[in-house]
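Quick note on labels: first sequence line is chain A, next is B, and so on, each numbered from 1.
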2 protein chains.
Amino acid sequence: MNIALDMMGGDFAPLEAVKGVQLFYSQSQQQVNLILIGDEQKINPLLSEYKIASENIKVVHAAQVIEMHEHPTKALKEKQQSSIAIGFHLLSTGKVDAFISAGNTGAMMVGALFSIKAIEGVLRPTIGGYLPKENGNLSLLVDVGLNSDCKPENLNQFAVLGSLFAKHILNTPDPRVALVNLGEEEGKGNLLTQSAYSFLKENHQINFVGNAEGRDLLKDKADVYVCDGFTGNVILKFAESIYDIVQNRKIEDEHFNRFNFEIYGGVPVLGVNKPVIIGHGISHAKAFDNMIKMAKKMLDENLIDKMRSSFAG
Amino acid sequence: MNIALDMMGGDFAPLEAVKGVQLFYSQSQQQVNLILIGDEQKINPLLSEYKIASENIKVVHAAQVIEMHEHPTKALKEKQQSSIAIGFHLLSTGKVDAFISAGNTGAMMVGALFSIKAIEGVLRPTIGGYLPKENGNLSLLVDVGLNSDCKPENLNQFAVLGSLFAKHILNTPDPRVALVNLGEEEGKGNLLTQSAYSFLKENHQINFVGNAEGRDLLKDKADVYVCDGFTGNVILKFAESIYDIVQNRKIEDEHFNRFNFEIYGGVPVLGVNKPVIIGHGISHAKAFDNMIKMAKKMLDENLIDKMRSSFAG
């Protein structure tokens with residue numbers, strides 16, 4: 001199993017990525033080869049400093065970095081030697097099995113869509129985010145920004161992709177799917193959700209439990225909440241800002257600490273042909289460790305094959 | 001000044017409405033005539049019990065009540081003797097100057113749209129909600145559910161209506177308007193917000209400060225946040241649910257207490273020809289008192305005339 005990690009992505013690169021790698025290997029004899037992509041002049045001394053010497057690690061030099069503010073498509077095209085471009089090249093040519101980066105989110109999404117492409121039958125891949133429940137579990141919110149305008153069929157597919165992720169990666173048996181909406185009753189909604197409801201209701205691949213209002217999203221009404229990427233993006237960032245307030249107010253609470261989204265590592269791009277995980281810009285060692293574990297689990301569980309089967313024929 | 005109050009609306013009607021009336025009059029010699037609409041068999045004994053005997057109060061009997069779960073249009077049509085139907089009748093015939101209810105929200109919206117109608121030039125009236133800022137002020141979020149599908153022109157008009165309300169009722173001088181969006185830069189967004197941005201930027205009636213992401217909504221980035229009613233409804237209900245969690249977690253914090261939306265009284269229907277205020281279903285005395293004060297202020301400030309001027313020619 002070969003997992004590629006962009007060492008240059010995120011606000012604390014490459015130091016926190018290196019520390020994440022150290023953390024990952026410190027926990028057990030992991031049967032994972034890590035391909036560390038980035039500036040070897042910066043990475044190698046850190047690997048020495050942190051005493052990471054494993055035959056399972058290989059550094060692939062990348063002479064360029066796509067910065068956070070750069071235009072995704074333009075940057076990917078012009079910076080062929082960037083760590084993200086090299087990562088997707090390795091992934092699309094089969095030299096690695098999964099790719100992780102906490103770098104430019106847009107470039108990661110464009111790279112995922114155009115280099116490894118959507119699973120056959122998937123109209124639009126999606127990107128999910130987590131919402132913490134008071135019972136300690138996480139629910140998955142899809143889409144959180146990849147698709148700002150959606151058709152009902154898109155939401156229906158997000159539901160399938162999200163359910164498979166929740167079941168096999170978040171360990172939620174028979175995940176309940178709810179449609180984010182402005183009322184509980186069937187028939188409520190905007191044009192998109194009214195129509196999407198019918199699709200979801202008829203979809204026997206998922207456990208659809210109806211509409212969820214804004215007030216339900218942090219509760220245990222469902223395990224997968226489906227919406228268009230505009231709505232999901234606003235919800236997720238709103239939820240993230242709650243942690244800022246909690247910190248400002250010096251409130252110490254176990255549940256509200258779980259609104260610190262950094263701890264979850266990264267979010268998966270769902271519906272593409274290989275595992276791709278996008279990390280938060282402020283990722284620290286723990287987040288990188290979690291992302292490597294998530295990539296490993298996506299490979300262990302053959303998640304992509306399960307998704308392909310769902311959309312086959 | 002004649003303000004009509006639906007005594008039968010809300011979970012604790014008519015008791016809390018009566019206590020709200022008592023609270024309102026207890027504060028000063030208010031130059032307001034209140035028209036209390038509802039079941040006089042229930043209201044009169046309570047007025048006696050709470051020693052509310054004022055020549056400024058008149059009870060108008062309503063033999064019916066529109067329940068919370070009823071279909072708005074159907075109920076308004078079939079229950080002509082309901083407190084909400086009578087309220088709108090009094091309002092549209094000029095017998096009262098403003099109407100307040102914590103009853104069936106849908107029926108209130110339908111009544112406002114069809115009995116007193118939109119201000120000339122207003123394509124779609126809107127309904128606003130409040131979001132608390134850490135600095136103690138409130139920002140206004142429009143729309144929060146009246147218009148689930150919007151055109152860019154609608155958002156542009158919500159911005160004008162919201163600005164006038166923020167300036168004259170929330171006492172925010174030169175209110176900053178932001179567009180709720182999934183990125184900060186101009187050009188980001190879904191089809192609706194990309195187009196709405198151009199309208200807002202060219203609109204000299206407002207102080208447009210650009211896009212606001214989900215993470216900005218509880219901060220002091222703007223005073224009026226504009227979005228379609230689907231997004232706004234999800235945001236508002238999500239924000240409301242935070243207070244539930246804060247209570248569950250037994251967190252006592254001055255700022256988070258302000259997520260108890262009940263304390264704000266009600267939200268205005270903006271863009272119709274008379275002041276109409278819709279209360280929360282769980283309104284208590286303080287909320288009714290606040291709603292009466294808001295209606296009074298809307299009349300004192302001639303808010304509707306100012307809105308008419310904005311949309312004239």
What option among A:Leu191, A:Val144, A:Asn190 has the most heavy-atom pairs under 4.5 Å with chain B? A:Asn190
From B:Leu236 atom CG to A:Glu213 atom CD, the distance as rounded to the nearest 0.5 Å: 11.0 Å
Calculate, to the nearest 0.5 Å, the distance between atoms CG and NZ belonging to A:Asp253 and B:Lys250 respectively. 11.5 Å
Report yes if the side chains of B:His255 and A:Asn248 come closer than 4.5 Å at any heavy-atom pair, otherwise no. no
Does NZ belonging to A:Lys133 count more than 12 external heavy atoms closer than 6.0 Å? yes
Test side-chain contact (heavy atoms from CB on, under 4.5 Å) on A:Leu182 and B:Ser148; report intermediate values, then the result. CA-CA 8 Å; A:Leu182 46 62; B:Ser148 54; 3.6 Å; yes
Using the rule given for side-chain contact (heavy atoms from CB on, under 4.5 Å), can you reason through A:Phe256 versus B:Val246, listing the C-alpha separation, both sets of side-chain angles and the distance that settles it, and then say yes or no? CA-CA 9 Å; A:Phe256 274 115; B:Val246 166; 3.9 Å; yes
Decide yes or no on side-chain contact (heavy atoms from CB on, under 4.5 Å) for B:Ile242 and A:Phe238, but give the supporting numbers first. CA-CA 11 Å; B:Ile242 294 170; A:Phe238 191 88; 3.9 Å; yes
Tightest non-hydrogen contact, residues B:Gly214 and A:Ser241, listed as O-OG, 4.3 Å
Heavy-atom pairs under 4.5 Å with chain B - which of A:Asp149, A:Asn233, A:Leu192 has more of them than the others? A:Asp149
Side chain, backbone, both or neither: which part of B:Ala212 has a non-hydrogen atom closer than 4.5 Å to chain A? neither
Tell me, do B:Asn181 and A:Val234 make a side-chain contact under 4.5 Å, heavy atoms counted? no
The reported gap from CD1 in A:Ile245 to CD in B:Glu134 (rounded to nearest 0.5 angstrom) is 5.5 Å
Who among A:Glu240, A:Lys219, A:Lys188, A:Glu185 has the most heavy-atom pairs with chain B under 4.5 Å? A:Lys219
Could you walk me through whether A:Asp244 and B:Arg215 satisfy the salt bridge (Lys or Arg N to Asp or Glu O under 4.0 Å) test, starting with their C-alpha distance in whole Å, then the side-chain angles of each, then the deciding distance to 0.1 Å, before giving a yes or no? CA-CA 9 Å; A:Asp244 298 341; B:Arg215 70 179 96 239; over 6 Å; no
Is the closest basic N to carboxylate O distance between A:Asp216 and B:Lys237 below 4.0 Å? no
